[in-house]
There are 2 protein chains.
Amino acid sequence: MASRIVSFEKIKVACKNCTLATLCLPMGLTPDDVERLDAIVKRSRPLQKGDHVFRNGDPFHNLYVVKTGTVKTYTESPDGGEQVVGFHLPGEIIGLDAIQTDQHGCSARVLETSAICELPFDNLEDLASHIHSLQHQLFRLLSKEISRDTEMLSLLSKSTAEERLATFLLDLSKRHQQRGFAANEFFLSMSRQEIGSYLGLALETVSRLFTRLQEDGILRVERKHIEILDRDHLAVLAIKPAGSRANTCQASD
Amino acid sequence: MASRIVSFEKIKVACKNCTLATLCLPMGLTPDDVERLDAIVKRSRPLQKGDHVFRNGDPFHNLYVVKTGTVKTYTESPDGGEQVVGFHLPGEIIGLDAIQTDQHGCSARVLETSAICELPFDNLEDLASHIHSLQHQLFRLLSKEISRDTEMLSLLSKSTAEERLATFLLDLSKRHQQRGFAANEFFLSMSRQEIGSYLGLALETVSRLFTRLQEDGILRVERKHIEILDRDHLAVLAIKPAGSRANTCQASD
DNA sequence: AGTTTGATTTGACGCAGATCAAATCATCTC
DNA sequence: GAGATGATTTGATCTGCGTCAAATCAAACT
């Protein structure tokens, strides 16, 4: 994989030229403000597969933006098992949960060679109190994360294994598309185990589902390569059939 | 509804005199700043059981602080079923997920007669860019919500019905205690159905668990009244026995 | 007091998905 | 290229909890 060797020039790309700007923080800022934001952003060299961006318990100094690659965040149980909390694609910001404790509450490691931008949070806060739209942008960012988590809670609390995986794949697909990649064909950078952990399923269940979706002509699966053949069908599977499960309770009035 | 007529004196209590200040927003602000915050807070008259604080889709103008009572937030599925997203005690702030869309992404209704403070978000943002500690406080608040959701995700994704209920009860107990109420004895303001929805369980399962925990001498349950008899034992149940479930995967290096 | 209505409890049963186990396959090392 | 290592698939079982059903109980209404 010669393409893995990323030139340092690429890393130096500033926020104003970054194709991720609309996904990342600068959205809605004036060019002047982006300049100021750019001044506080640090860009480290690429991390290799398995490297940590931060670990649970690390003191909190920075937020991190995925620039290229994929990051998983996870927590550890006492016995060393891990619970995947999220997968993060380019343009997504991680470390938001650490603001309140001044300490990272989960670990983050890259699933493939990845470039990460560092945003020193103190500087960011200072900047935010001067740039109103940046402050607003940050609030929105945090708020969005809450919405996402809430949706995930609904998914885990109500749905079947099939719905979970279908929803997961459609979500991934959408996010790939937003980044300008193909919507119906992509590589999974995470293992079946990690998908299972994220979705609250055993890895065997994930594997079986892939097989079944392939048999049904909805997917083509070849190891980590996924092709969505029948998107509509997949979307149907992702939607919980009305009233099919418990714990959807009727409004009480 | 004679009880609707509550003395307005009670409502007028300002932030600076509010016993919830340490839980709510003013924490860490100077008396002067609290005064300024106080000026933008609106206090409406108490809501009655079943009343909505806001509904899914409502335009977003305010954050809301529970002053007394309990609020549940929930989303609705197309078929009218509801998915409980959270239960909120005095001092807790709701509506945070609406910041990003300018529209509430869930509904909130009170489970018992409750007083709610309104915080116009525009004003709050303005104030935050002048008062650095308020800005920081808001970031922390949002961040904390993310942490809470993440923990909930772990709970739903990994654990058994028993662990979920035990964790839920201990969490409620802790929050009651933080508010100066008894830790080991309290009333549930929500139904079994709502608990089930929140924990991703059928209401029958919740009911059976209450019965069992009572038989085991861990709880005393009488309808909505709960007494924790053996807190240590309950805490043991809340902790996932190491390696007892799937989807805890080993670190891959 | 009797009736209605909704909440809760309790029982019986079935299934989705976890668990256990073993085969296959891909990668990497030497 | 043979062997080792970890990921994935596939099969066979087992079980926790959802589902259905019916009884009990509490609060509200007449």
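So you know, we letter chains A, B, ... as the sequences are listed, proteins then strands, and number each from 1. All heavy atoms count here, side chains included; hydrogens, waters and symmetry mates do not.
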How long is the line joining [atom1] of [X] and [atom2] of [N], in whole Å?
X      : N      : atom1 : atom2 : answer
A:E215 : D:dT10 : CD    : P     : 8 Å
B:E222 : C:dA7  : CD    : P     : 19 Å
B:I195 : C:dT8  : CD1   : P     : 8 Å
B:L111 : C:dA7  : CG    : C1'   : 15 Å
A:E162 : C:dC15 : CD    : C1'   : 15 Å
B:E163 : D:dG16 : CD    : P     : 12 Å
B:L188 : C:dT8  : CG    : P     : 9 Å
B:Q193 : C:dT9  : CD    : P     : 13 Å

(request) Look at all strands and tell whether B:R223 reaches a base, only sugar-phosphate, or nothing, counting heavy atoms closer than 4.0 Å. (result)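 Sugar-phosphate contact only - B:R223 comes under 4.0 Å of backbone atoms but never of a base.
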(request) Report which part of the nucleic acid B:S207 touches: base, sugar-phosphate, or nothing (heavy-atom distance under 4.0 Å, all strands). (result)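 If one applies the 4.0 Å heavy-atom cut-off, B:S207 turns out to touch a base.
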(message) Tell me the closest heavy-atom pair linking A:G95 and A:F60, and the distance in Å.
(response)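 Closest pair (atom of A:G95, atom of A:F60, distance): O-CE1, 3.9 Å.
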(message) For B:R231 versus B:A183, what's the shortest heavy-atom pair and its separation?
(response)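 So the minimum-distance heavy-atom pair works out to NH1-O, 4.0 Å.
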Should [X] be listed as having a side-chain N or O under 4.0 Å from OP1 or OP2 of [N]?
X      : N      : result
B:K224 : C:dA7  : no
B:S191 : C:dG6  : no
A:T205 : C:dA18 : yes

What about [X]: does its side chain form a donor-acceptor pair under 3.5 Å with the base of [N]?
X      : N      : answer
A:E204 : C:dC20 : yes
B:R208 : D:dG18 : no
A:R164 : C:dG17 : no

So which nucleotide from [options] ends up closest to the side chain of [X]?
X      : options               : result
B:L203 : C:dT8, C:dT19, D:dG18 : C:dT8
A:A161 : D:dG18, C:dG17, C:dT9 : C:dG17
A:T160 : D:dT8, C:dG17, C:dT19 : C:dG17

(request) Before giving the answer on salt bridge (Lys or Arg N to Asp or Glu O under 4.0 Å), spell out for A:R212 and A:E162 the whole-Å C-alpha distance, their side-chain angles and the decisive distance to 0.1 Å. (result) CA-CA 10 Å; A:R212 179 142 57 86; A:E162 189 178 68; 2.8 Å; yes
(request) Assess the pair B:F186 and B:F181: is the distance between their ring centroids shorter than 6.0 Å? (result)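 So the answer is no for these two rings.
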(message) I'd like to know whether the aromatic ring centres of A:F87 and A:Y198 sit less than 6.0 Å apart in this structure.
(response)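 Yes; A:Y198 has its ring centre under 6.0 Å from that of A:F87.
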